[in-house]
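Here's the structure, in structure tokens; my notes come after.
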Protein chains: 6
Amino acid sequence: MRLVTLGESLARLDAAAVGPLRHARSLGLGVAGAESNVAIGFSRLGGEAAWIGRVGADEFGGLVRATLAGEGVDLAAAVVDPSAPTGLLVKERRTSALTRVWYYRTGSAGSRLSPEDVPEDLVRTAQTLHVTGITAALSATARKAVRHAVATARAAGVPVSLDLNYRAALWEPDEAARELRRLAAEADIVFATEREARLLVDGEGPAELAGALARLGAREVLVKLGRHGAVACCDGVLHRAPGVRVEPVDPVGAGDAFAAAYLAERLRGVPVGERLAVAALAGAYVVTAMGDWEGLPSRADLEREPGDEVLR
Amino acid sequence: MRLVTLGESLARLDAAAVGPLRHARSLGLGVAGAESNVAIGFSRLGGEAAWIGRVGADEFGGLVRATLAGEGVDLAAAVVDPSAPTGLLVKERRTSALTRVWYYRTGSAGSRLSPEDVPEDLVRTAQTLHVTGITAALSATARKAVRHAVATARAAGVPVSLDLNYRAALWEPDEAARELRRLAAEADIVFATEREARLLVDGEGPAELAGALARLGAREVLVKLGRHGAVACCDGVLHRAPGVRVEPVDPVGAGDAFAAAYLAERLRGVPVGERLAVAALAGAYVVTAMGDWEGLPSRADLEREPGDEVLR
Amino acid sequence: MRLVTLGESLARLDAAAVGPLRHARSLGLGVAGAESNVAIGFSRLGGEAAWIGRVGADEFGGLVRATLAGEGVDLAAAVVDPSAPTGLLVKERRTSALTRVWYYRTGSAGSRLSPEDVPEDLVRTAQTLHVTGITAALSATARKAVRHAVATARAAGVPVSLDLNYRAALWEPDEAARELRRLAAEADIVFATEREARLLVDGEGPAELAGALARLGAREVLVKLGRHGAVACCDGVLHRAPGVRVEPVDPVGAGDAFAAAYLAERLRGVPVGERLAVAALAGAYVVTAMGDWEGLPSRADLEREPGDEVLR
Amino acid sequence: MRLVTLGESLARLDAAAVGPLRHARSLGLGVAGAESNVAIGFSRLGGEAAWIGRVGADEFGGLVRATLAGEGVDLAAAVVDPSAPTGLLVKERRTSALTRVWYYRTGSAGSRLSPEDVPEDLVRTAQTLHVTGITAALSATARKAVRHAVATARAAGVPVSLDLNYRAALWEPDEAARELRRLAAEADIVFATEREARLLVDGEGPAELAGALARLGAREVLVKLGRHGAVACCDGVLHRAPGVRVEPVDPVGAGDAFAAAYLAERLRGVPVGERLAVAALAGAYVVTAMGDWEGLPSRADLEREPGDEVLR
Amino acid sequence: MRLVTLGESLARLDAAAVGPLRHARSLGLGVAGAESNVAIGFSRLGGEAAWIGRVGADEFGGLVRATLAGEGVDLAAAVVDPSAPTGLLVKERRTSALTRVWYYRTGSAGSRLSPEDVPEDLVRTAQTLHVTGITAALSATARKAVRHAVATARAAGVPVSLDLNYRAALWEPDEAARELRRLAAEADIVFATEREARLLVDGEGPAELAGALARLGAREVLVKLGRHGAVACCDGVLHRAPGVRVEPVDPVGAGDAFAAAYLAERLRGVPVGERLAVAALAGAYVVTAMGDWEGLPSRADLEREPGDEVLR
Amino acid sequence: MRLVTLGESLARLDAAAVGPLRHARSLGLGVAGAESNVAIGFSRLGGEAAWIGRVGADEFGGLVRATLAGEGVDLAAAVVDPSAPTGLLVKERRTSALTRVWYYRTGSAGSRLSPEDVPEDLVRTAQTLHVTGITAALSATARKAVRHAVATARAAGVPVSLDLNYRAALWEPDEAARELRRLAAEADIVFATEREARLLVDGEGPAELAGALARLGAREVLVKLGRHGAVACCDGVLHRAPGVRVEPVDPVGAGDAFAAAYLAERLRGVPVGERLAVAALAGAYVVTAMGDWEGLPSRADLEREPGDEVLR
């Protein structure tokens with residue numbers, strides 16, 4: 001097993017039309033979860049990915065499991081919890097430019113993740129462990145599960161990847177900064193937006209922020225700049241990657257696509273500059289399709305630009 | 001204000017097609033809640049109805065409020081709670097004959113209903129207070145709110161109506177039986193299915209059950225028998241009403257329709273036998289339309305049989 | 001050209017779900033019109049049918065025209081009226097057993113049909129002229145158009161078919177009875193339901209009614225009995241046809257299907273008994289599919305029972 | 001009651017996809033009406049709004065009533081007319097840039113509005129009366145109702161707001177100009193687009209037009225310039241407000257949003273410049289959501305830019 | 001691996017509404033295939049199932065793979081064929097009682113199945129090999145693949161299950177009878193409808209037919225009677241199982257559900273009578289949900305009757 | 001009959017949402033076909049158009065026929081082939097900028113077109129024969145049918161129009177170039193994109209390419225440049241037409257719209273420059289509506305710009 005990740009995957013409800021959700025009469029049903037998005041993205045690029053997490057013994061849990069298994073993600077370490085419901089995420093495109101999200105994950109099966117759910121062998125034999133700030137924010141036991149997975153990986157020499165993924169709805173900035181700094185100090189690879197970086201460190205532009213994050217401990221730091229590309233600080237060297245020019249239809253999931261592709265290319269031994277280009281392209285694919293992860297590219301997709309029109 | 005009721009109204013999600021919910025790709029969005037169903041039914045028949053309850057400061061709460069207000073239900077005593085989400089109900093037609101329901105109402109705004117939310121003046125000036133076993137099962141404070149409303153009504157001489165509405169997912173049978181017996185002892189009118197009646201009292205058939213329930217204290221007891229009509233024990237006299245022969249398309253909501261129509265006709269001074277007939281007809285209207293309450297009849301609807309085809 | 005008919009075709013709006021229309025958030029869009037239904041049915045069974053009528057120079061008029069042309073109905077005599085809108089029909093399945101209809105046809109292009117719109121050559125060279133009580137009720141000019149078409153046909157020896165099609169929303173019973181008696185006296189073939197027959201004549205059962213209608217002048221009278229089949233009085237001889245046992249999903253259009261198939265088989269020289277059987281089968285096809293006319297059978301369809309399951 | 005308005009609200013039918021309406025197979029169902037849009041917008045911003053008008057005793061009338069009541073609009077003065085249908089509006093996005101509209105409102109309940117429908121007390125106790133050129137164009141009685149409401153308001157010292165809202169489908173330019181000039185002379189506040197202003201007065205640019213309109217009598221004149229903002233002439237002083245940069249998804253309703261927000265802020269004592277900014281922001285909210293009014297902002301919405309992405 | 005099966009799975013297109021497909025404006029998209037249905041059914045009941053087959057390197061192939069993997073079916077032996085398209089099945093509910101099917105499988109990837117695609121080890125280590133007459137009819141190479149799989153299983157002592165599954169669209173009755181008799185002679189378990197049985201053997205009723213089929217060689221023969229249950233001839237002993245009374249909503253898939261459940265229970269050592277009961281119940285589950293396989297029961301589902309209404 | 005064309009029309013399946021098709025749960029159903037698009041476009045502009053081709057005796061064939069007939073296209077020469085299915089085209093918007101297409105047309109009825117299907121009288125009495133490279137690529141018999149139609153037209157002095165329409169999925173570039181050069185040598189009018197032109201001739205920019213194509217034999221050559229307009233070489237004279245600035249929603253069909261309008265205006269005697277302007281406008285109409293042909297303009301549409309907003 002090459003990539004192992006852990007977190008909460010939820011049923012996702014969203015409206016087809018732009019506008020206040022209350023005026024919708026039906027909601028689309030799918031699957032959400034930053035970590036499982038990364039697992040799917042990694043799997044689509046040809047890697048093997050395993051997801052650790054809990055879902056309820058209900059239809060939404062069945063949907064999460066069927067979706068991940070259908071995308072080739074290994075679920076041997078996924079637990080069905082008969083005593084708690086699968087969490088929900090409700091997504092509203094309030095205007096064409098403003099997306100809002102509500103969670104139903106208090107007491108959910110996913111938030112009951114605990115260190116016992118983490119199979120140590122699975123982590124030790126991975127080539128990368130990927131964790132995010134979301135899982136650390138779900139509950140006390142989930143935070144312990146993240147710490148335990150990270151410690152297990154480090155002890156076994158497995159590189160640890162961390163996406164800060166700060167969610168203001170889940171915890172206070174102070175608490176988040178404390179925990180994320182602690183995790184960043186133990187990570188080999190750190191992904192952050194500019195805003196997330198500023199939560200942990202000071203710095204003027206993305207390059208300064210990347211350097212400051214790197215000083216927390218990670219050898220590779222990626223600061224994502226949306227349509228403006230990304231800045232990387234790898235082994236002390238700065239790299240800049242331009243963005244891919246596309247017309248987005250759904251902005252959610254770009255960061256997960258970026259992380260998935262970066263980690264996949266990294267394990268294939270691709271140089272940093274090229275990794276960044278592929279990661280940006282993966283992000284462009286996701287935002288030019290509806291859904292958080294549905295548009296993630298396959299390796300065949302990467303061989304053409306998402307803006308190339310093909311009519312055969 | 002004539003009818004006052006209190007409880008939790010939720011956003012309702014259901015699949016258009018029959019089958020496991022996980023295979024749906026979109027869910028219908030509407031409003032659910034036994035007590036608000038009764039308020040809507042009462043309002044459609046020309047009465048004034050007020051609903052007491054809490055919703056979140058989110059889109060689902062906005063949907064609940066707009067829907068009830070749109071049906072003419074008074075919301076002056078409805079509270080918007082900025083610190084808790086609106087509850088959800090997920091409804092699956094697993095097979096054409098088997099409906100399953102999941103709740104997301106733990107910690108919901110609605111379950112945080114408390115005695116302070118009950119405007120005493122509103123209750124005292126009502127002509128009927130209607131409560132259900134569901135509200136009593138939501139939380140300790142909600143149960144207190146129900147008891148407080150009932151006590152306030154009794155003190156003011158306002159008739160109390162109780163629909164047992166036992167929900168196995170919300171509490172244990174023993175606890176339910178204890179609380180429902182207590183409420184039934186203070187009610188003037190009690191609605192029950194046969195199964196619910198047996199939770200509180202012993203008895204062979206519906207007539208015996210109605211009599212036994214009446215001995216708990218209520219002057220009017222209605223035992224609903226689905227397509228087989230209902231049995232009433234009013235002031236010690238037994239009445240039997242036949243069912244209305246229709247082909248149901250959605251079984252949910254029949255009991256609320258029955259209660260709403262019975263209470264509306266009762267306040268208009270209609271004799272028991274006729275009340276029962278109108279109540280059964282209202283139930284028939286609801287189950288021959290999709291949705292828990294959408295098919296509730298107006299007074300004009302009652303003037304024709306739901307099985308009369310009208311092509312003008 | 002074999003069958004010529006005249007009337008108003010409208011855009012049809014209906015809800016997918018059963019229940020009060022106000023709760024629908026989208027309405028299906030199609031085409032309605034008793035006379036064009038008959039033309040489509042006749043065309044599907046291999047005949048040539050022409051439709052005379054007016055539509056507006058708007059998208060609904062375009063829809064009506066494209067739909068009829070797509071079904072092979074000749075529109076050479078269909079007029080596009082730039083100064084009036086195409087009429088609308090709104091259809092509600094209030095309950096699973098109760099269908100309600102609203103019209104927006106006052107001042108519509110279709111209701112402005114007048115004798116000048118009737119190409120006399122087209123009528124004279126037809127093998128059957130089919131008219132209905134609906135067109136006669138639309139407006140004074142439409143009524144004149146019907147009378148003019150009937151007179152033209154009679155003068156040329158073209159058989160006249162009349163479906164009484166009484167619509168209570170369009171005229172008063174007295175006025176309707178007067179006009180329909182007048183038209184029935186000039187028709188060769190008359191179609192009626194029992195209720196419609198009673199508007200014109202007295203009689204106990206369908207056989208008596210058929211006889212009484214025949215005495216008004218027509219050589220062939222068909223009294224339709226829904227699932228119970230039909231009774232015919234042809235040249236003074238009574239025929240009874242049993243109904244076809246099917247489970248209907250949309251009751252509208254059965255009568256038009258019956259008329260279309262009866263007239264098609266009649267022109268092919270099929271004996272009365274067989275005509276009635278084919279007419280009943282055509283009705284069964286229509287009511288076991290959604291839509292007023294969409295389920296009308298082709299000749300190939302008639303070779304199997306609608307209740308035969310075919311899995312190849 | 002603070003804002004009182006009168007007009008016709010209709011059922012609104014529109015296609016989900018862009019293209020000729022005839023190719024749609026279903027139409028969305030909602031509510032339209034310039035005046036009720038303003039009432040909803042005013043209500044969402046915390047004001048009390050009452051709507052005077054007539055709907056039919058049909059499902060579309062029920063939809064209009066439930067929608068307005070659901071948005072908190074007072075309907076005590078809304079009349080259900082059993083003898084006329086609720087009007088319809090059909091909306092086609094012919095291309096991504098070209099919207100066409102058809103009305104079915106001839107003889108509609110709404111167009112039968114008459115002076116007797118206007119409760120004088122309601123108008124006299126309002127803080128603003130808002131009328132539009134649409135209502136004045138519906139019928140002779142509707143025009144009288146507008147004039148009567150305006151006269152009643154003026155006599156009671158209630159400020160009168162007029163949105164010219166010229167609709168070419170409803171009346172001739174000459175007749176419109178005559179009536180609108182008459183109304184503008186009695187109004188305190190006038191809203192107009194440049195094109196509408198030119199119907200009444202001469203002038204080169206928006207500033208000149210605003211001044212010329214003001215000379216007809218109103219103390220406040222607002223000339224709306226779409227994405228380019230607005231020009232106001234208030235008590236002889238010119239104000240310019242820039243537009244809000246957004247990517248519109250549905251252009252309809254911007255003017256009503258502008259008027260609603262302007263009037264709401266005006267009654268709260270907000271200075272002109274700020275009123276204009278809020279009005280422009282409200283317009284931006286509406287055009288970045290589907291529907292004529294669904295995207296109208298709440299007061300909470302106004303605290304963030306519609307282009308701010310919020311992912312919690 | 002316990003159950004191994006081989007065949008063609010296709011993309012499935014069907015209309016939501018009943019009626020001629022040409023009037024649909026959208027078609028549902030799913031997955032079909034008798035053998036993969038059995039694999040899913042077996043997997044849902046807790047078994048391990050593997051599917052051998054070919055799909056195209058296209059989106060429909062991706063859908064087939066994701067769906068089967070999502071249901072826990074092992075796809076290690078599923079081949080992606082870059083040079084042929086995934087087959088399609090188009091399903092029309094012509095009337096509420098008449099289903100028609102069209103195939104686009106000539107030259108499809110699935111029909112190119114050949115003996116080389118059958119991993120011998122997988123077959124040899126299975127506990128049951130399940131094949132159908134459909135695969136044998138797809139192409140010469142597919143027939144050889146079936147024969148090869150059967151021979152491999154027999155040589156290794158693995159029981160062979162055969163569902164005759166005669167499809168008239170795929171081959172002539174004579175050729176089918178010849179091949180199916182040959183396969184039946186090598187099978188241990190044979191599933192057939194009455195009509196299919198008569199293609200191979202003579203006999204009056206189901207019992208006689210079961211006996212006659214058994215004489216071809218199989219130790220267990222199941223003759224399925226739809227709502228009337230089934231007759232089994234096992235080791236020379238006749239068993240009769242009654243049908244389960246349900247109201248079907250989609251008749252397709254009952255036979256596959258029956259086979260899957262029978263084979264699952266058989267491997268668990270459940271006695272014949274009980275196997276038949278579970279198989280009938282599984283069939284009832286499938287026909288009371290939309291879709292060919294979506295309604296297949298889990299083991300938890302089997303603990304309640306599909307006609308039990310559960311409202312918690 | 002004025003325009004005659006021949007080719008394959010297919011059922012078209014496409015997803016409403018942008019993203020990988022496998023995630024769609026329903027597909028829109030319509031009609032596709034370059035030649036029938038041209039026929040529809042020509043018919044909408046007031047011309048008479050006839051289509052020669054074959055469809056299956058199935059529902060998709062019925063859809064193709066009803067759609068073309070509904071658009072006024074003459075189908076007297078359209079053959080229903082009972083022994084082959086109607087072809088399918090599956091269309092995926094993989095991203096907002098990348099459209100992919102899959103065909104199911106091998107062995108389809110349409111690909112079985114042969115010279116015997118071409119009614120010589122129909123071609124000889126046409127005013128223009130329009131053919132495309134697609135039909136020539138379908139099969140050996142289809143190619144012969146194209147050649148036969150072209151030869152028949154030339155012999156009768158009927159101008160031949162050729163749209164190169166190179167489809168890489170149907171044939172190899174070498175074979176295509178050979179056949180298309182041969183057809184271009186016999187055509188009077190040739191339509192090409194820059195890329196298609198380069199397949200046949202050398203040249204730097206569009207003007208050179210147009211000239212080079214013209215030297216193959218045609219008197220009028222049109223090189224289409226998408227949003228940049230078109231270049232024409234007519235009787236040796238170069239013309240340039242600017243593009244129409246619109247925001248496209250569906251890029252497919254622009255070329256067919258261009259050809260249809262160019263040919264329609266040409267037959268009306270409109271000068272080249274104006275023909276090009278109308279052709280570009282027609283293309284703009286098509287790409288600003290969903291569907292390959294649905295947005296084709298009527299003559300009334302041409303009188304306004306597609307970017308003019310009309311709100312009456």
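To find a chain, count down the sequence lines: A is the first, B the second, and so on, and within it residues start at 1. Not measured: the values here are computed from a predicted model. Side chains are part of it too, since the values below use all heavy atoms of this structure and drop only hydrogens, waters and symmetry mates.
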Taking every non-hydrogen pair under 4.5 Å, which of R94(F), H23(F), E59(F), E92(F) racks up the most with chain E?
E59(F)
Is there a side chain to side chain contact (heavy atoms under 4.5 Å, CB included) between I52(E) and E35(E)? Walk through the geometry before answering.
CA-CA 9 Å; I52(E) 302 167; E35(E) 302 81 12; over 6 Å; no
Can a salt bridge be assigned to the pair R12(E) and D14(E) using a cut-off of 4.0 Å between side-chain N and carboxylate O?
yes
Who wins among L27(E), L63(E), L88(E) for the most heavy-atom pairs under 4.5 Å with chain F?
L27(E)
Which one, A66(E), G107(E), A16(E), G62(E), leads in non-hydrogen pairs under 4.5 Å with chain F?
G62(E)
Counting heavy-atom pairs under 4.5 Å to chain F, which of T106(E), D58(E), V64(E), L29(E) comes out on top?
L29(E)
Assess, by modelled atom type and distance only, whether the side chains of T141(E) and S114(E) contain a donor and an acceptor separated by less than 3.5 Å.
no
Measuring from atom CZ of R143(F) to atom CH2 of W171(F), what distance do you get when rounded to the nearest 0.5 angstrom?
5.0 Å
Using heavy-atom distances under 4.5 Å, tell me whether V90(E) contacts chain F through its side chain, its backbone, both, or neither.
side chain
Decide side chain to side chain contact (heavy atoms under 4.5 Å, CB included) for L6(E) and V118(E); before the verdict, give the C-alpha distance in whole Å, the side-chain angles of both, and the deciding distance to 0.1 Å.
CA-CA 8 Å; L6(E) 75 166; V118(E) 180; 3.8 Å; yes
